[in-house]
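Working notes, beginning with the structure itself.
Quantities reported herein were computed from a predicted structural model and do not represent experimental measurements.
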Amino acid sequence: MKHWVKQSFSILNQNRSLNNKSPVAIFDSGIGGLTVARRLHSLLPGEQIIYFGDTARVPYGTKSHQIIRQYATQIASFLVKFNPKIIIIACHSVSSLGRSFLERRFSDFVFFDVIQPSVKEAIRVTKNRKIGIIGTPATIASNSYPANIKRFDEGIRVYQKACPLLVPLVEEGWFDTDVTCEIVRHYLIDLLDRDIDTLVLGCTHYPLLKKSIEKIVGSSVHLVDASDATGKAVKEFLTDTGLLNSKEPKPPVLYFSDFPEYRRKIMLNFWNNRQLIIKKVNIERRCDV
Ligand code: DGL
């Protein structure tokens, strides 16, 4: 067993009683983290997924560190009541600014983020060692990607761009429109001038814009999407710790802090109309569990 798996396993065993039926918790500022939840559900259909999307307060990536940490703490306080095996931070902005904060605050729980798996995948696929990163202003300002990539390989060149308009487009379901393509072009032009061969989608909302992004970058640039790499890392962890639940499939339970009726369709289309349980929760009062 790897060192960090052993360490996490001892955290899990110390103060909490867990078994393989305990759920896996995932959260994001909105619907973007569903890209990770959906991949996880297809890799591990026996796991009970509890998802929380903070749709009442999205976007996070244009907010201050303090607010992002405060919101993340409220969400974690809600999710820990389900006694999850792990909590996946399916948000690059919270992963960049809040992971160690949450680990200190909720020290009996094991957290996964979406940055480490994306970094490893980007390093694995780049050939010319020029990697582009797009993300929210918070993620880009935190420098978490360049710092993590340089820890593995000093020689890789990393170019970043904050794309604040992309999250609202996704939340409204504008995945592949002419306007979306034009905005993507505006953001990516500088990165493409740098001759990157790999582009990290450093926000879990962006995989929903893949078609528009591919139209702009072309087929020679490899897109790195955190959902697959994160899903595989979680599967490996649950297998190594004996916590994997391979029994019959369970419908994911999705909590949202707001859920205007017109957005139900966006959500259901996204999950291919599979069986889902959707609930609304007042996260500031932390009720409804
Ligand atoms: N999906 C999130 C991320 O990966 C947050 C985007 C936002 O709320 O600004 O960063």
Side-chain angles (χ1 to χ4, degrees), residues 1-2 5 8-9 12-13 16-55 75-76 78-92 95 109-114 116-118 120-121 170 175 201 204-208 210 223-256 259 263-281 289:
M1 213 188 261
K2 286 183 208 127
V5 175
S8 309
F9 195 46
L12 290 172
N13 274 339
R16 299 165 53 213
S17 85
L18 281 177
N19 58 48
N20 47 11
K21 289 197 182 121
S22 310
V24 169
I26 308 184
F27 74 91
D28 179 38
S29 60
I31 65 171
L34 290 175
T35 54
V36 179
R38 185 175 58 176
R39 183 71 187 122
L40 204 73
H41 185 62
S42 69
L43 279 173
L44 304 169
E47 296 298 336
Q48 176 65 72
I49 291 177
I50 306 282
Y51 181 86
F52 176 80
D54 201 357
T55 39
I75 297 170
F78 169 69
L79 292 174
V80 296
K81 292 182 185 165
F82 294 94
N83 194 25
K85 297 173 194 176
I86 55 169
I87 301 176
I88 304 170
I89 308 171
C91 172
H92 294 254
S95 297
F109 292 82
V110 170
F111 288 86
F112 270 71
D113 70 54
V114 279
Q116 307 304 327
S118 310
K120 284 187 195 149
E121 179 64 5
V170 171
F175 301 152
L201 307 180
T204 50
H205 282 71
Y206 299 172
L208 292 164
K210 240 183 206 164
L223 300 184
V224 174
D225 163 357
S227 56
D228 194 47
T230 307
K232 286 180 183 151
V234 169
K235 183 172 183 179
E236 196 182 319
F237 175 80
L238 295 179
T239 309
D240 286 357
T241 51
L243 285 171
L244 193 73
N245 190 356
S246 45
K247 295 280 164 11
E248 70 282 0
K250 315 246 175 357
V253 183
L254 313 181
Y255 285 89
F256 294 98
F259 197 66
R263 300 178 79 172
R264 182 176 290 270
K265 204 165 148 240
I266 300 173
M267 205 91 60
L268 293 180
N269 277 348
F270 168 73
W271 210 287
N272 296 332
N273 292 317
R274 269 188 233 154
Q275 201 190 356
L276 293 174
I277 298 167
I278 298 180
K279 297 184 182 195
K280 196 168 143 182
V281 61
V289 183

Test Leu254 against Leu34 for side-chain contact (heavy atoms from CB on, under 4.5 Å), laying out the working first.
-> CA-CA 9 Å; Leu254 313 181; Leu34 290 175; 3.9 Å; yes

Kindly give the heavy-atom pair with the smallest separation between [X] and [Y], and that separation in Å.
| X | Y | result |
| --- | --- | --- |
| Pro23 | Asn83 | CD-O, 3.9 Å |
| Ser227 | Val36 | CB-CA, 3.7 Å |
| Pro251 | Gln48 | O-NE2, 3.2 Å |
| His92 | Ser118 | CE1-OG, 3.9 Å |
| Ile26 | Ala90 | CG2-CB, 3.5 Å |
| Ile31 | Tyr51 | C-OH, 3.8 Å |

Side-chain ([X]) to main-chain ([Y]) donor-acceptor, under 3.5 angstrom:
| X | Y | result |
| --- | --- | --- |
| Ser42 | Arg39 | yes |
| Thr55 | Phe259 | no |
| Glu47 | Leu244 | no |
| Thr230 | Val114 | no |

Test item: [X] and [Y] side chains (from C-beta on) under 4.5 Å apart, heavy atoms:
| X | Y | value |
| --- | --- | --- |
| Lys232 | Pro117 | no |
| Val281 | Phe256 | no |
| Leu43 | Val234 | no |
| Val24 | Leu44 | no |

Look up atom [atom1] in [X] and atom [atom2] in [Y], then write down how far apart they are to the nearest 0.5 Å.
| X | Y | atom1 | atom2 | answer |
| --- | --- | --- | --- | --- |
| Ile50 | Lys279 | CD1 | NZ | 8.0 Å |
| Ile86 | Phe109 | CD1 | CZ | 12.5 Å |
| Phe175 | His205 | CZ | NE2 | 9.0 Å |
| Asp113 | Ile87 | CG | CD1 | 13.0 Å |
| Asp28 | Thr204 | CG | OG1 | 4.0 Å |
| Asn20 | Thr241 | CG | OG1 | 9.5 Å |

Decide yes or no on side-chain contact (heavy atoms from CB on, under 4.5 Å) for Glu121 and Asp225, but give the supporting numbers first.
-> CA-CA 9 Å; Glu121 179 64 5; Asp225 163 357; over 6 Å; no

Look at the aromatic rings of Tyr255 and Phe82 and report parallel, tilted or perpendicular, splitting at 30° and 60°.
-> tilted

Stepwise side-chain contact (heavy atoms from CB on, under 4.5 Å) test for Val110 and Phe237 | CA-CA 11 Å; Val110 170; Phe237 175 80; 4.2 Å; yes

Under 6.0 Å between ring centres, would you say that holds for Phe27 and Phe78?
-> no

Please step through side-chain contact (heavy atoms from CB on, under 4.5 Å) for the pair Asn245 and Lys85, ending with a clear verdict.
-> CA-CA 11 Å; Asn245 190 356; Lys85 297 173 194 176; 4.0 Å; yes

Lys235 atom NZ, over 12 foreign heavy atoms within 6.0 Å | no

